[in-house]
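As a basis for the values below, the full set of heavy atoms in this structure was taken, side chains included, without hydrogen atoms, waters or symmetry mates. The structure presented is a predicted model; accordingly, all values stated were derived computationally and were not measured. Along the sequence shown, residues carry numbers from 1.
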Amino acid sequence: MMENIEGNNEAMPGWESLPDLVLENVFSMLDLKARYRASVVCKNWYESFYTPHLWQTFCMDDGTLTKRKKNMYGAGYVTELSRYRLQKCLSRVGQFTKHIVIKPMFDYYSLYGFLHILTSYLEFDQSHMLLLESFSFTFACQSWGLTGSDVHGTGGKMLRGLEELLAKCCDLKSLTLNQLLLVKEDALNVFDGVLQRSDKTLTYLELLNCTKRYHPMYQVAFFHNLSILVISPQNVNDDIVLMLAAHLNLDELRLTQDLYTDIDEVIPVTSDTWQEAKNMAPEMALRLEAVGNAREEIVFQPHAPVTSILYHTSYLTVTQNAIETICGNYSNTLVMYGNLSIADSKTSNAFDYRPDSTLCYLIRNCPNIHTLIINEWISSGSLLLIVSYAKKLKKLHVRSSTIIEKMDCPKNSLWSDTFYEKLKGNSLSVELMSREISFILGYQWKPLTDDMFSTLHV
């Protein structure tokens with residue numbers, strides 16, 4: 001028997017004989033350094049390393065294509081970009097690249113070297129990257145030293161290098177430039193090259209904190225086929241809103257702020273301008289959102305046609321003042337509200353510290369809400385109340401780990417005894433609550449695990 005087993009094991013194919021599709025899926029989940037190390041295992045893995053699908057997205061960070069170098073100012077070694085490796089890599093896989101993503105890099109020397117080499121690569125022969133359709137650049141604007149942290153923008157040679165690279169990219173469909181934090185003088189010409197090469201093809205544009213101070217970015221209105229525009233509120237004014245509504249068939253405008261957005265520099269667009277823009281472009285959706293580690297409340301635009309308000313930060317929670325402002329300005333237009341971050345579960349879950357009553361107030365005063373996302377502590381009874389009050393609610397996303405199985409909301413004098421007893425009965429467990437919510441919404445509903453909630457996209 002043992003001889004047969006051993007014989008079968010010898011006949012079984014080894015790791016070097018994994019199917020190409022399996023290898024491709026494995027390699028796609030590795031970063032560039034791990035992918036390279038895997039490629040030296042055997043010939044089959046080496047060939048899979050150059051599969052075109054794996055190189056559709058070229059991601060650059062501080063650890064990509066680096067080499068060790070003796071530290072000239074102390075003991076040990078430092079890492080820096082290997083220009084030879086980068087050039088060899090681009091010559092082999094650049095023709096397959098569709099998306100270039102430059103993550104925040106704290107080694108500015110390597111970052112500038114990458115921009116310069118990529119520019120030269122495109123300048124030598126534009127056909128090297130015929131498939132390129134999206135470019136994403138996020139500047140590492142915050143650094144830490146002995147005296148603490150410092151926030152600064154790009155400029156000088158770094159900005160010139162970025163502008164030269166963008167001028168070589170043709171027919172882009174998506175462009176993301178985040179945390180440049182430019183001064184007004186540098187922001188005037190940052191889009192000249194993109195406008196010349198991609199003014200008719202660009203459909204997605206994201207500019208998060210292009211400038212630190214208030215400075216309207218009029219150039220965004222000259223991309224003729226723009227579908228989605230993500231921009232910080234300090235870079236928008238009344239004229240830009242009217243230009244976007246009048247000249248572009250924009251599907252969605254997102255006014256986005258984060259930790260580096262100076263809200264003191266934001267001048268809200270007037271309510272009259274928003275009304276005029278709505279009349280000119282009634283189909284344009286307007287989203288207000290706070291992302292990253294934003295700690296300041298969203299800058300609410302007065303009586304704007306806001307359709308969605310989303311938070312992607314654990315530092316902001318539901319507050320009575322914010323909800324009252326939302327209901328006072330967007331009661332007829334708001335269709336989506338919520339926070340997609342994982343809130344701190346160590347906060348008090350007592351009724352007075354929870355958003356139960358505030359969310360009930362929101363859902364009653366904004367009757368068109370069809371999507372509600374809740375990431376904080378809330379009781380099962382309050383969820384049943386929210387679903388009962390909602391007239392058009394279709395999607396309710398709630399973390400199962402933050403549901404408290406009870407009905408501790410004070411009884412309203414308008415409720416009948418039968419209604420109140422039914423609420424209390426269905427609040428005794430998540431199972432009973434889920435069954436009742438499923439009946440009201442008309443489909444099988446259940447709360448989300450934290451893993452499911454963290455991957456939620458709306």
Side-chain angles (χ1 to χ4, degrees), residues 104 137-144 148-156 158-159 162-163 175-191 205-223 226 228-245 250 252-274 276-277 286-306 308-313 315-316 319 321-322 325-326 328-330:
F137 176 87
T138 301
F139 183 67
C141 62
Q142 186 171 12
S143 58
W144 290 264
S149 63
D150 179 47
V151 177
H152 52 87
T154 184
M158 189 73 73
L159 180 60
L162 178 61
E163 291 175 345
L175 176 62
T176 298
L177 298 176
N178 289 340
Q179 315 304 355
L180 297 184
L181 296 175
L182 301 173
V183 297
K184 296 180 180 180
E185 293 75 15
D186 286 338
L188 295 176
N189 303 314
V190 69
F191 291 114
L205 178 60
E206 180 176 331
L207 302 173
L208 186 54
N209 298 321
C210 188
T211 63
K212 187 171 185 179
R213 305 298 180 190
Y214 174 77
H215 178 72
M217 300 293 296
Y218 291 98
Q219 300 97 318
V220 299
F222 296 103
F223 294 100
L226 206 59
I228 298 176
L229 173 61
V230 183
I231 191 169
S232 296
Q234 73 268 25
N235 297 133
V236 175
N237 65 1
D238 292 56
D239 292 334
I240 291 178
V241 169
L242 293 177
M243 291 170 67
L244 293 174
L250 200 65
E252 186 174 33
L253 172 61
R254 302 177 188 173
L255 299 183
T256 305
Q257 61 191 71
D258 70 354
L259 177 64
Y260 306 111
T261 304
D262 187 352
I263 63 172
D264 293 332
E265 293 290 328
V266 177
I267 301 177
V269 177
T270 63
S271 57
D272 291 339
T273 297
W274 283 120
E276 187 176 351
L286 175 61
R287 174 184 293 187
L288 306 181
E289 59 184 356
V291 301
N293 295 320
R295 290 168 169 80
E296 299 285 350
E297 183 56 76
I298 286 177
V299 178
F300 296 113
Q301 302 288 329
H303 300 286
V306 174
S308 58
I309 297 176
L310 291 178
Y311 299 85
H312 301 259
T313 171
Y315 291 97
L316 294 175
T319 63
N321 288 338
T325 302
I326 291 170
N329 286 276
Y330 320 125

- Message: Side chains of Ile263 and Gln257, heavy atoms from C-beta outward: is any pair under 4.5 Å?
- Response: yes
- From Met243 atom CE to Tyr218 atom OH, the distance as rounded to the nearest 0.5 Å: 8.0 Å
- Query: Can you tell if the side chain of Leu181 reaches within under 4.5 Å of the side chain of Thr211, non-hydrogen atoms only?
  - Reply: no
- Query: Passes side chain to side chain contact (heavy atoms under 4.5 Å, CB included), Val269 versus Asn237? Steps please.
  - Reply: CA-CA 6 Å; Val269 177; Asn237 65 1; 5.7 Å; no
- Item | Asn209 and Gln234: side chain donor to acceptor below 3.5 Å | yes
- Task: Please name all residues satisfying salt bridge (Lys or Arg N to Asp or Glu O under 4.0 Å) with Glu206, sequence neighbours left out, ordered by chain then number.
- Result: none
- Query: Is there a side-chain contact between Val299 and Pro268 (heavy atoms, below 4.5 Å)?
  - Reply: yes
- Please work out which of the three classes, parallel, tilted or perpendicular, describes the rings of Phe300 and Tyr330, given edges at 30° and 60°. tilted
- Flag the pair Asn235 / Leu207 as yes when at least one side-chain heavy-atom distance between them is below 4.5 Å, and no otherwise. no
- Query: Quick one: CD1 on Ile228 to CZ on Arg287, what's the gap to the nearest 0.5 Å?
  - Reply: 8.5 Å
- Glu276/Leu242 under side chain to side chain contact (heavy atoms under 4.5 Å, CB included): CA gap, chis, key distance, verdict: CA-CA 8 Å; Glu276 187 176 351; Leu242 293 177; 3.9 Å; yes
- Any side-chain donor-acceptor pair under 3.5 Å between Asp150 and Ser143? no
- Item | Heavy-atom side-chain contact between Asp258 and Gln179 under 4.5 Å | yes
- Message: With side-chain hydrogen bond (donor to acceptor under 3.5 Å, both in side chains) as the criterion, how do Asn329 and Gln301 come out once you've worked through the C-alpha distance, each side chain's angles and the decisive distance to 0.1 Å?
- Response: CA-CA 8 Å; Asn329 286 276; Gln301 302 288 329; over 6 Å; no
- Determine, stepwise, if the pair Leu253 / Leu244 fulfils side chain to side chain contact (heavy atoms under 4.5 Å, CB included). CA-CA 9 Å; Leu253 172 61; Leu244 293 174; 4.2 Å; yes
- Message: Has Thr319 got a side-chain atom pairing as donor or acceptor with Ala322's backbone, closer than 3.5 angstrom?
- Response: yes
- Heavy-atom closest contact (Leu250 atom, Leu226 atom, distance): CD1-O, 3.5 Å
- Task: Would you sort out whether Phe223 and Leu205 count as a side chain to side chain contact (heavy atoms under 4.5 Å, CB included), showing the intermediate values?
- Result: CA-CA 9 Å; Phe223 294 100; Leu205 178 60; 4.0 Å; yes
- Message: Please give me the minimum heavy-atom distance between His152 and Ala140, naming the atom from each residue.
- Response: CE1-O, 4.1 Å
- Query: Taking 4.0 angstrom as the limit, do Glu265 and Lys212 come out as a salt bridge?
  - Reply: no
Donor-acceptor contacts under 3.5 Å from residues 288-298 side chains, at least two apart:
from	atom 1	to	atom 2	distance (Å)
Glu289	OE2	Thr256	OG1	2.8
Arg295	NH1	Asn293	O	3.1
Arg295	NH2	Tyr315	OH	3.1
Glu297	OE2	Tyr311	OH	2.6

- Do you know the tightest heavy-atom contact between Leu182 and Ala187? CD1-CA, 3.9 Å
- Partners of Thr154 by side chain to side chain donor-acceptor pair (under 3.5 Å), sequence neighbours excluded? none
- Are Asp262 and Arg213 close enough that some pair of their side-chain heavy atoms sits under 4.5 Å apart? yes
- What pair of heavy atoms forms the shortest contact from Phe191 to Gln219, and how long is it? CD1-CB, 3.9 Å
- Task: Hey, could you give me the CG/OG1 distance between Leu208 and Thr176, rounded to the nearest 0.5 Å?
- Result: 10.0 Å
- Task: Write down the atom of Leu180, the atom of Cys210, and the distance for their closest heavy-atom approach.
- Result: CB-O, 3.8 Å
- Considering only heavy atoms from C-beta outward, does the side chain of Phe139 approach that of Asn178 to under 4.5 Å? no
- Task: Search all heavy atoms of Ala277 against all heavy atoms of Val241 and return the closest pair with its distance.
- Result: CB-CG1, 3.7 Å
- Could you tell me whether the side chain of Tyr214 reaches within less than 4.5 Å of the side chain of Lys184, counting heavy atoms only? no
